[in-house]
Peer 1: 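Please find one structure pasted underneath; my questions will follow.
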Amino acid sequence: MIVYGSTLSPYVRKCMVFGAEKGLTLELQQAGLGRGSPDFDAASPFGKIPAFKDEDFLISDSSAIVAYLEAKYPEPNLIPPEPRARARTIWYDELADTMVMAAGTAIFGNRFVLPRVLKQQCDHEAADHAERDLLPPLFDYLEKVIPASGFLVEDRLTLADIAVASPFATLGCIGVAADASRYPRTAAYIAAILARPSFASIVAKDHAVVAAMGGPVTAPQLA
Ligand SMILES: N[C@@H](CCC(=O)N[C@@H](CS)C(=O)NCC(=O)O)C(=O)O
């Protein structure tokens, strides 16, 4: 099975970690931002990453991909069958994919992707606004809901933890993180999830890629 994309994308990393935690072997093929094979183009009609291929089956969208993997390889389950736990898992996946990613994209996009990768003008005010105004309510919320077990749903690892932690792995590559003095539970939770072997090997490579490309751009400039 092939995942197309770059693990700097939280959505792509979510799929790779989900597969790893299930004990699956997923091959990563670089794609996105103009790169990609005909299969990638066929799988992702709007060129977004991740896309996915399993034999003759092509699909894109991280949530569609993990739903497919969960249905095809039900155990160990990472999307709980129990109705309430399943609904809460999907809530956290959506929260990550929408609200956390809105903040994350504004920050990572303007401080790294636009200036370093695409060599385009970036909007520092948008990044600063996201860090100052969009992230704190999310951290306030996580601080309230993270259970003592360190897992968001059923006191064990589920898609909820993978989806929520993944954007913070990307932000960590440019030095943006939950302040441990203000958000101790959230900071410890994110660190623990990202320390799992399924995340750690990927995140180490992501950090190296970002550093090799010059790290974040935080002063207004045209790269
Ligand atoms: N809902 C999609 C979002 C995918 C997405 O927006 N990926 C970004 C990278 S983080 C992308 O491909 N951006 C390039 C573009 O929009 O052209 C998912 O969960 O996979």
Side-chain angles (χ1 to χ4, degrees), residues 1-22 24 26-54 57-71 78-79 89-123 126-127 130-131 134-135 138 158-174 176 194 199 202-203 205-207 209-210 213 216:
M1 293 182 284
I2 301 171
V3 173
Y4 302 94
S6 155
T7 53
L8 283 179
S9 160
Y11 301 114
V12 175
R13 191 187 299 106
K14 176 172 95 179
C15 294
M16 296 304 292
V17 170
F18 188 91
E21 291 283 356
K22 277 191 169 290
L24 303 172
L26 300 179
E27 177 191 341
L28 181 69
Q29 282 192 12
Q30 295 297 320
L33 302 176
R35 297 168 304 174
S37 61
D39 276 346
F40 169 68
D41 293 340
S44 183
F46 300 101
K48 291 188 184 290
I49 56 173
F52 174 84
K53 177 179 174 178
D54 182 16
F57 177 67
L58 299 169
I59 194 84
S60 70
D61 191 284
S62 62
S63 297
I65 294 165
V66 298
Y68 175 81
L69 293 175
E70 185 76 8
L78 293 175
I79 303 177
T89 299
I90 301 302
W91 153 251
Y92 284 117
D93 184 42
E94 276 298 306
L95 178 76
D97 285 4
T98 57
M99 293 179 72
V100 179
M101 280 302 291
T105 302
I107 298 168
F108 193 73
N110 283 300
R111 293 186 187 159
F112 185 76
V113 179
L114 284 165
R116 294 295 193 209
V117 182
L118 298 175
K119 313 285 186 202
Q120 291 176 16
Q121 191 158 15
C122 48
D123 183 345
E131 186 172 10
L134 302 185
L135 281 184
L138 294 164
T158 66
L159 170 64
D161 304 301
I162 298 171
V164 167
S166 191
F168 295 111
T170 300
L171 288 174
C173 291
I174 56 167
V176 174
L194 297 186
F199 264 112
I202 292 173
V203 174
K205 287 183 202 147
D206 295 336
H207 272 270
V209 168
V210 169
M213 295 184 76

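Atoms within each ligand, like the ligands themselves, are counted from 1 in listed order.
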Peer 1: Below 4.0 Å from ligand 1: does a non-hydrogen atom of Gly32 turn up there or not?
Peer 2: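 Heavy atoms of Gly32 never come under 4.0 Å of ligand 1.
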Peer 1: Identify the protein heavy atom lying closest to atom 6 (O) of ligand 1, giving its residue, its atom name and the separation to 0.1 Å.
Peer 2: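 Here the nearest protein heavy atom works out to Lys48 CD, 3.6 Å.
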Peer 1: Among all the protein's non-hydrogen atoms, which is closest to atom 10 (S) of ligand 1, and how far away is it?
Peer 2: Ser9 OG, 3.2 Å
Peer 1: Quick check on contacts: which atoms of ligand 1 are under 4.0 angstrom from a heavy atom of Pro50?
Peer 2: 20 (O)
Peer 1: Do Asp54 and Tyr68 have side-chain atoms, one donor and one acceptor, less than 3.5 Å apart?
Peer 2: yes
Peer 1: Answer yes if the side chains of Ser166 and Lys14 hold a donor-acceptor pair under 3.5 Å, and no otherwise.
Peer 2: no
Peer 1: Between Arg111 and Glu131, is there a side-chain N and carboxylate O pair less than 4.0 Å apart?
Peer 2: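 A salt bridge is present here (some side-chain N lies under 4.0 Å from a carboxylate O).
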Peer 1: What do you reckon, is CE of Met99 surrounded by more than 12 foreign heavy atoms closer than 6.0 Å?
Peer 2: no
Peer 1: Can you tell me which residue and heavy atom of the protein come closest to atom 7 (N) of ligand 1, and the distance to 0.1 Å?
Peer 2: Ile49 O, 2.8 Å
Peer 1: What residues, two or more places apart in sequence or in another chain, satisfy side-chain contact (heavy atoms from CB on, under 4.5 Å) together with Thr158?
Peer 2: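 Partners of Thr158 under the side-chain contact (heavy atoms from CB on, under 4.5 Å) test: Pro80, Thr89, Val153, Arg156, Ala160, Asp161.
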Peer 1: Please state which protein non-hydrogen atom is closest to atom 3 (C) of ligand 1 and give its distance, to 0.1 Å?
Peer 2: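 Protein heavy atom at minimum distance: Tyr11 CE1, 3.5 Å.
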Peer 1: Got the closest protein heavy atom to atom 18 (C) of ligand 1, with its distance?
Peer 2: Ser62 N, 3.3 Å
Peer 1: Strictly less than 4.0 Å: does any protein heavy-atom distance to atom 14 (C) of ligand 1 fall in that range?
Peer 2: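 Answer no: nothing from the protein, no heavy atom, is under 4.0 Å.
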Peer 1: In terms of the angle between their ring planes, are Phe40 and Tyr4 parallel, tilted or perpendicular, with boundaries placed at 30° and 60°?
Peer 2: tilted
Peer 1: Where is the nearest protein heavy atom to atom 1 (N) of ligand 1: which residue, which atom, and how far?
Peer 2: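 Minimum-distance protein heavy atom for atom 1 (N) of ligand 1 reads Asp61 OD2, 2.9 Å.
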Peer 1: For Asp61, which residues count as a salt bridge (Lys or Arg N to Asp or Glu O under 4.0 Å) partner, sequence neighbours excluded?
Peer 2: none
